[in-house]
Amino acid sequence: MEKFTFTNNRGEAIEFFGSPFRLIEARGLGDVSADIQSERAPFQDGDTYISTRFEPRYVELDFIISGSDYADIEEKRVLLSRVTNPKIGLGELKYEYGDTVRIIQAVAESVPVFPSGRSNRTEFRQVAGLSFKCPNPYWRTLSIDASPTFEPLFQFPFEGTFQMGIARDERILTNLGDTDIPFTVEFYGPALNPRIDNVTTGEFIKVNQELLDGEYMRITTADNNKKVVFVDEFGVERNVFNWIDIDSTFFKLIQGDNYITYSADSDIQGAVVNFTYQQHYNSV
């Protein structure tokens, strides 16, 4: 059975599954309108396609609140209204069905609907409904951490000459979703002018700075949340957007395989580079 969990940005959560908030019906698992961008030249028959833009997603939940008596029902209505308060801002809506788990940012469009009438409200139950607006329409997987840059090669027991492992400077990141996706990359010093290349697309991100041992950079390529953060050996963070090479592109991982390489103007033997990303899907 499908289960939804809404968590607001204060960490409070409501689960729509069994008692006391038993899910009846969910709408909006697909159902996203597409705005087709096009243009037309003088005297042209038809028009010329430019691009497609998705509208926000709307997820509607119908459910029944159950309680031991009418006072208990009232308390649960108050709890539901507090946790899903639209004034709090964006929260997270989680969808679960079997092994499938998807998340999406969401905000309630209004205070929950509590219909009146004997068929909707009794001493032990209350029919209710909620509608969520999801500004980014894509359902996302939980975060995926790419394979580490160090691969162990040895097995115990061993004797004689041996190799402890391989410092990797390349990898394949596979995007199985329905659109290109942003990512977060962390690369650690020591490194001089470190650089990440997406060989598949020809794009790169380069930092014109030397990272010392114990220091690292964190770069996020999301359209509405681009970040370049330097973290020193004591864990103190600061914004260093100006360190980015002007020819760099805050690229995304295209659908399919992305051949990623890491390099620097110094030896990167033993370098550590971590990638984190989420697959994006049109529906669940």
Side-chain angles (χ1 to χ4, degrees), residues 1-37 52-97 100-143 178-179 182 222-225 278 280-284:
M1 183 176 176
E2 294 173 325
K3 177 169 72 172
F4 289 84
T5 304
F6 178 76
T7 304
N8 64 26
N9 57 27
R10 296 173 180 171
E12 302 170 304
I14 292 286
E15 183 178 282
F16 302 94
F17 181 63
S19 179
F21 302 98
R22 181 165 62 88
L23 181 66
I24 301 301
E25 183 180 5
R27 296 176 296 278
L29 304 188
D31 309 323
V32 174
S33 299
D35 181 12
I36 310 299
Q37 308 286 320
T52 300
R53 182 180 62 86
F54 280 146
E55 299 291 345
R57 179 184 300 276
Y58 294 88
V59 178
E60 299 177 0
L61 303 181
D62 295 332
F63 51 97
I64 293 176
I65 305 172
S66 58
S68 56
D69 53 33
Y70 194 76
D72 188 29
I73 293 290
E74 286 184 324
E75 290 181 5
K76 289 180 170 61
R77 285 201 301 255
V78 171
L79 171 65
L80 178 68
S81 298
R82 186 185 75 242
V83 173
T84 62
N85 183 1
K87 297 285 287 185
I88 298 177
L90 283 175
E92 181 182 271
L93 187 65
K94 179 191 288 186
Y95 167 89
E96 298 174 84
Y97 182 77
T100 300
V101 179
R102 299 287 186 265
I103 57 176
I104 194 169
Q105 285 189 316
V107 59
E109 287 197 283
S110 67
V111 173
V113 177
F114 303 118
S116 59
R118 299 183 65 178
S119 62
N120 296 314
R121 182 182 299 177
T122 69
E123 184 178 358
F124 305 107
R125 65 192 292 273
Q126 167 74 69
V127 174
L130 266 170
S131 177
F132 293 96
K133 178 179 180 178
C134 308
N136 184 333
Y138 291 106
W139 292 98
R140 297 172 285 122
T141 62
L142 301 179
S143 292
D178 297 324
T179 188
D223 287 336
N224 60 347
N225 193 34
Q278 296 170 292
H280 288 44
Y281 293 94
N282 293 339
S283 64
V284 294

Would you mind writing out the side-chain donor-acceptor pairs for residues 57-65 within the sub-3.5 Å range, not counting sequence neighbours?
from, atom 1, to, atom 2, distance (Å)
Arg57, NE, Pro137, O, 2.7
Arg57, NH1, Gly28, O, 2.9
Arg57, NH1, Leu29, O, 3.2
Arg57, NH1, Gly30, O, 2.6
Arg57, NH2, Pro137, O, 2.8
Arg57, NH2, Asn282, O, 2.4
Glu60, OE1, Arg27, NE, 3.0
Glu60, OE1, Arg27, NH2, 3.0
Asp62, OD2, Arg27, NH1, 2.8
Asp62, OD2, Arg27, NH2, 3.3

Contacts of type salt bridge (Lys or Arg N to Asp or Glu O under 4.0 Å), residue Lys133, not counting sequence neighbours: none

Charged tip of Arg102 within 45° of Tyr281 ring normal and under 6.0 Å: yes

Residues in salt bridge (Lys or Arg N to Asp or Glu O under 4.0 Å) contact with Glu123, at least two apart in sequence or another chain: none

side-chain contact (heavy atoms from CB on, under 4.5 Å) partners of Leu79, counting only residues at least two apart: Ile14, Arg82, Val83

Residues that Asp35 engages under salt bridge (Lys or Arg N to Asp or Glu O under 4.0 Å), provided they are two or more places apart: Arg53

ring-ring contact (aromatic ring centres under 6.0 Å, His included) partners of residues 108-139, not counting sequence neighbours, each pair once: Phe6-Phe132, Phe54-Tyr138, Tyr138-His280

Whether Ser81 side chain and Arg77 backbone form a donor-acceptor pair below 3.5 Å: yes

Any side-chain donor near an acceptor of the partner, Thr7 and Glu92, under 3.5 Å: no

Nearest heavy atoms of Thr84 and Pro112, plus distance in Å: OG1-CG, 3.7 Å

Phe4: which of Phe17, Tyr95, Phe16 passes ring pair (Phe, Tyr, Trp, His ring centres under 6.0 Å): Tyr95

Side-chain donor/acceptor of Gln126 to backbone N/O of Pro115, under 3.5 Å: yes

Gln278 (side chain) donor-acceptor with Thr141 (main chain) under 3.5 angstrom: yes

